[in-house]
Amino acid sequence: DAKTTQPTSMDCAEGRAANLPCNHSTISGNEYVYWYRQIHSQGPQYIIHGLKNNETNEMASLIITEDRKSSTLILPHATLRDTAVYYCIVWIVDQGGKLIFGQGTELSVKP
Amino acid sequence: GAVVSQHPSWVICKSGTSVKIECRSLDFQATTMFWYRQFPKQSLMLMATSNEGSKATYEQGVEKDKFLINHASLTLSTLTVTSAHPEDSSFYICSARVNSPLHFGNGTRLTVT
């Protein structure tokens, strides 16, 4: 079973920041938080991941709370092409664990 | 970045026939590949884990004799849906890893008529 909880859907205005929350209250110390997104009829696309510290790359920022029980993915300037289902996943990388997907958040970016 | 290629991107077959789907890691060697299935409006469901040179590990409820997985090399894993039926119609997605993160193919849309 997935160890994360996300809202089913969210809307965001084009050009505004999209903040997607994720709860992972049972995360263990060696589990990373990964974010992927899936645009309709395509394979999932990696966005970003982190362990404890906040992370930023060219796509997004990841904010992880100090207790690591929740995180937020931030798309700073959402575009229509960011409309997708966003998945938050916890994963133990080094132990070769399996990537288990939850239901994700369907983000709709509107003009 | 790392690329995972899946072929074919879509296939239509008749009930009772078998279909093979290929998953290749194009610019890296993948010690482990995963196969997922996704029905409309649902999330990805892990079917099996494929390790190069050894037998695949199937998730509970996935029939290993129906979904044959072969991971013959570090760059190729295949999924064969044997004696396909309409209920096997789905979107099949593979992924490959050597380290982090996991990279996904673009999926294969299987329609069984």
Side-chain angles (χ1 to χ4, degrees), chain A residues 1-9 20 22 30-53 55-60 62 71 73 83-108, chain B residues 1-10 21 23-26 28 30-52 54 56-62 71 90-111:
Chain A
D1 290 337
K3 297 178 63 175
T4 62
T5 304
Q6 299 176 251
T8 303
S9 63
L20 292 90
C22 179
N30 56 353
E31 284 182 313
Y32 286 73
V33 179
Y34 278 75
W35 283 83
Y36 283 81
R37 72 180 183 184
Q38 186 179 26
I39 296 171
H40 183 62
S41 294
Q42 296 183 22
Q45 177 190 22
Y46 166 77
I47 302 173
I48 198 167
H49 74 280
L51 182 63
K52 296 180 183 177
N53 300 322
E55 302 288 344
T56 295
N57 63 20
E58 64 278 5
M59 290 184 68
L62 173 60
S71 60
L73 178 74
T83 292
V85 178
Y86 287 76
Y87 296 99
C88 167
I89 304 162
V90 295
W91 186 31
I92 304 175
V93 177
D94 292 341
Q95 295 179 18
K98 300 176 284 192
L99 210 64
I100 304 299
F101 285 79
Q103 293 305 306
T105 296
E106 187 168 6
L107 176 68
S108 296
Chain B
V3 177
V4 176
S5 175
Q6 205 170 325
H7 179 80
S9 56
W10 61 270
I21 302 169
C23 178
R24 294 181 185 272
S25 55
L26 295 186
F28 65 101
T31 52
T32 305
M33 291 186 173
F34 300 89
W35 287 94
Y36 292 81
R37 179 169 54 180
Q38 186 176 33
F39 293 106
K41 302 288 187 183
Q42 294 186 23
S43 185
L44 286 78
M45 184 189 78
L46 180 65
M47 298 176 66
T49 302
S50 166
N51 292 299
E52 187 266 338
S54 62
T57 303
Y58 292 82
E59 294 299 301
Q60 190 172 9
V62 178
H71 193 157
S90 188
F91 191 50
Y92 292 87
I93 308 167
C94 73
S95 62
R97 67 165 295 200
V98 57
N99 289 308
S100 165
L102 201 60
H103 300 282
F104 288 82
N106 260 336
T108 296
R109 176 78 56 193
L110 170 63
T111 303

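All heavy atoms count here, side chains included; hydrogens, waters and symmetry mates do not. The sequence lines fix the lettering, A, B, ..., with proteins before strands; numbering per chain opens at 1.
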Checklist entry - Which heavy atom of L99(A) sits nearest a heavy atom of F104(B), and at what distance? => result CD2-CZ, 3.9 Å
Checklist entry - Distance from L102(B) atom CG to H49(A) atom NE2, nearest 0.5 Å? => result 12.0 Å
Next on the checklist: Under 4.5 Å from any heavy atom of chain A, what part of L44(B) do you find: side chain, backbone, both or neither?
Outcome noted: both
Checklist entry - Which distance, rounded to the nearest 0.5 Å, do you find between the OG of S95(B) and the OH of Y36(A)? => result 7.5 Å
Next on the checklist: Run the side chain to side chain donor-acceptor pair (under 3.5 Å) test on Q42(B) and Q103(A) for me, step by step, so that the C-alpha distance in whole Å, both residues' side-chain angles and the decisive distance to 0.1 Å come before the verdict.
Outcome noted: CA-CA 7 Å; Q42(B) 294 186 23; Q103(A) 293 305 306; over 6 Å; no
Next on the checklist: Tell me if the CD atom of E106(A) is crowded by more than 12 foreign heavy atoms within 6.0 Å.
Outcome noted: no
Checklist entry - Is a donor on one side and an acceptor on the other found under 3.5 Å between the side chain of Y87(A) and the backbone of S43(B)? => result no
Checklist entry - Under a 4.5 Å heavy-atom cut-off, does chain B meet the side chain of Q45(A), its backbone, both or neither? => result neither
Next on the checklist: What's the separation between atom CZ in F101(A) and atom CE in M45(B), rounded to the nearest 0.5 Å?
Outcome noted: 13.0 Å
Checklist outcome for this item: Rounded to the nearest 0.5 angstrom, the NE2-CZ distance for H40(A) and F91(B) is 9.0 Å
Checklist outcome for this item: Value for CD1 (I100(A)) from CD (E59(B)), rounded to nearest 0.5 Å, stands at 5.5 Å
Checklist entry - At their closest point, which heavy atom of I93(B) faces which heavy atom of P44(A), and how far apart are they? => result CG2-CD, 4.1 Å
Next on the checklist: Between K98(A) and F34(B), is there a side-chain heavy-atom distance shorter than 4.5 Å?
Outcome noted: yes
Checklist entry - Of all heavy-atom pairs between P101(B) and Y34(A), which one has the smallest distance, and what is that distance? => result CB-CE2, 3.8 Å
